[in-house]
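These notes concern the structure reproduced below.
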Amino acid sequence: MNSRAIRERVAVCLCALGFLVPPLAAAQPRVSYEVAAGFTPAPREDSRPVFALAPVGALDGASVHAALEGVLVPAGPSRLRAARLTVSKLLAPDHLLHPEVLVRSAGSWIGSRTGIARPEVRLHFAGARAGTWVAGAAEGSMDRADGYSGRGAFMGFGAWTRHRRLTISGALEQSSGILPRPTSAPAEPDTGRYGPALDGPMELISTGPERVTLTHAHGRLSWEGDRWELETGGGLSLSPLASPRRWAQASLAWRLSPLFSVVAVAGSRSPQLFAIDPAGERKFSIALRAADSRSREPGLALVARATVQACKIRSLGGGRYLLSVHAPGARLAEVQGDFTGWASVTLDPAGGGWWETLVDASPGVHHLGLRVDGGAWVPPPSFPTAEDDFNGTVGVVVLE
Amino acid sequence: MRRTRGAMATAPVFAVAPALILMFAACLTPIPRPAAADPRLEERFDARTAREISQIVDSARATGLPTEPLVSKALEGASKGARASRIVAVVRAHAAALGAARSALGPGSGGDEIVAGAGALMAGVARDTLERLRAARPGQSLVIPLVVLADLVTRRVPVDAASSTVISAFRAGVRDRELLRLRERVEQDILSGAPPATAVAVRGRALLLNSDPRSGRRPSSRRSGLDPGAP
């Protein structure tokens with residue numbers, strides 16, 4: 001690794017830390033986890049399904065999101081190990097134009113070690129239910145065989161809309177790709193970065209690894225019910241050197257309990273998830289997922305904030321109440337009121353888009369406000385309201 | 001002579017003893033100090049602002065008004081980033097509203113009623129509306145009617161229209177749950193584009209027409225305990 005590569009890596013890390021640490025220190029981020037364990041196809045040289053683990057750790061603040069995803073196949077001829085880190089920071093979240101800095105990095109250990117970092121700046125124009133964005137990105141890749149290489153000036157734009165439990169998003173993005181080496185050596189493991197050449201005979205026009213710009217068009221639809229979750233996505237990847245490559249995937253999750261779900265996945269994943277999954281493989285997998293949250297939507301921008309659909313307060317006796325908020329697709333839900341001393345309290349996800357927390361309050365008239373995904377404080381829907389005398393409105397509840 | 005000397009000798013003792021007792025008592029009597037500010041206020045505000053708010057809270061406490069809403073209002077202002085002068089002004093106005101609400105609702109009013117009444121007054125409801133509500137059904141809880149009234153005014157329903165609708169419904173014996181349903185329907189109508197005055201007039205008339213006088217005459221509970229968000 002040359003000194004320039006080291007400097008650039010350090011700069012990326014410092015940049016990510018600089019954007020992540022201050023908002024985390026100021027806010028009360030919610031830490032969530034998810035572990036999916038099940039049978040999934042091995043890399044393409046294997047024919048039988050293998051056991052795989054896919055752990056995810058996420059950290060959600062009002063304007064920051066960080067997620068570390070991994071894929072681990074502990075046994076078998078191909079011991080796949082890969083990880084992806086995504087750090088996203090929303091600047092000026094209270095304006096109509098939302099600049100967002102997004103750093104995606106990934107690494108894999110499949111035969112040779114490979115790492116990619118992709119800093120990206122997105123400019124969102126977003127409302128409560130729909131938005132659009134444009135992005136500029138650069139990519140730096142590092143692998144043992146080819147050393148460090150950097151590419152920049154990738155463009156992208158996308159749009160999304162969200163209505164109650166349904167979210168639809170689409171994007172057109174560019175990324176870098178590498179075509180395989182023109183040798184008759186055994187096929188290299190597929191990291192997805194080699195994607196466009198894998199669907200058919202290689203169209204080799206040079207003798208070395210060829211770096212190309214891939215253009216991806218992809219769309220995604222997700223629906224979150226009380227017990228069922230459906231996600232479908234599909235896309236098309238184009239490059240100047242290979243035939244177009246299509247992919248599509250659908251997943252269906254059935255929640256057994258607030259903690260456990262059974263997840264069935266069919267299809268192939270997006271090649272944009274390079275270095276995480278074997279790309280291009282048509283597969284069917286079934287897994288058991290343990291997660292304290294299902295609010296992570298990797299394809300959706302941080303700016304796509306959910307809204308509060310419903311709120312309930314149930315007495316548990318002894319001056320204790322269960323506050324439930326329905327906010328499908330939310331990453332973070334908070335409550336503040338006179339019973340919290342007007343301090344923000346983060347709710348816990350309870351599945352099906354519901355968020356809950358226990359509050360201690362005396363019987364009587366209380367004022368409260370709710371906030372989702374770091375947006376504005378709003379009174380709970382269908383509750384009586386009152387002016388708060390500070391240019392806002394609060395909800396009013398009478399507890400017995 | 002002896003007696004005289006004796007009398008002269010004992011006179012200073014009698015004169016000094018009360019002074020000594022008074023001095024001793026003064027030493028034992030605690031020096032009156034200003035009441036300590038609520039620790040929550042000291043935690044969130046600078047010393048001067050905390051002192052000003054504490055004075056308002058102490059004054060309210062001395063007159064028997066509920067003080068927790070005042071502290072809560074100050075904390076709310078701090079949480080929402082309001083200026084200290086604005087917070088003090090709002091707390092002072094809220095304390096005055098609490099006093100006015102108690103005065104309008106009567107000395108036997110509960111703390112929740114006073115808080116709800118102050119909210120209605122702060123929203124712009126006239127003081128005599130509270131008096132008419134109290135007179136309409138003495139002894140019944142006014143918490144929900146006052147909360148509904150304040151909500152309607154907050155939703156830009158004209159104060160007179162909102163007051164007359166709620167007073168009429170309350171006089172007719174409409175129960176708290178039905179009043180809350182009226183509020184929800186008015187809210188939906190307004191969100192659908194209906195003028196607030198029209199919405200409250202139409203829904204109020206429908207409520208009075210559909211209310212069953214016999215069931216409506218049932219006394220509502222002292223504390224309704226309704227959860228407006230519950231299905």
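Below, chain A is the first sequence line, B the second, and so on; all start at residue 1. Hydrogens, waters and symmetry mates play no part in the numbers below; they use all other heavy atoms, side chains included.
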If you count heavy-atom pairs under 4.5 Å between each of V115(B), V147(B), V148(B) and chain A, which one has the most? V147(B)
Would you say E76(B) and V394(A) make side-chain contact, with heavy atoms under 4.5 Å? yes
Go through E187(B) and F383(A) one step at a time and tell me if the side chain to side chain contact (heavy atoms under 4.5 Å, CB included) criterion holds. CA-CA 10 Å; E187(B) 178 188 358; F383(A) 275 52; over 6 Å; no
Identify the two heavy atoms, one from R86(B) and one from D389(A), that lie closest to each other, and give their separation to 0.1 Å. NH2-O, 2.7 Å
Check whether N391(A) gets within reach of chain B through its side chain, its backbone, both or neither, counting any heavy atom under 4.5 Å. neither
Are P384(A) and L180(B) close enough that some pair of their side-chain heavy atoms sits under 4.5 Å apart? yes
Please report the closest heavy-atom contact between S79(B) and W342(A), naming both atoms and the distance. OG-O, 2.9 Å
Tell me, for I87(B) versus chain A, whether the close heavy atoms (under 4.5 Å) come from the side chain, the backbone, both or neither. both
I need the R155(B) CZ to T393(A) OG1 distance, nearest 0.5 Å. 8.5 Å
Tell me if the CZ atom of R227(A) is crowded by more than 12 foreign heavy atoms within 6.0 Å. yes
Answer whether the closest heavy-atom distance between the side chains of V398(A) and D112(B) falls below 4.5 Å. no
CG-NZ distance between D338(A) and K73(B), expressed to the nearest 0.5 angstrom: 9.0 Å
Is any side-chain heavy atom of V396(A) less than 4.5 Å from a side-chain heavy atom of D151(B)? no
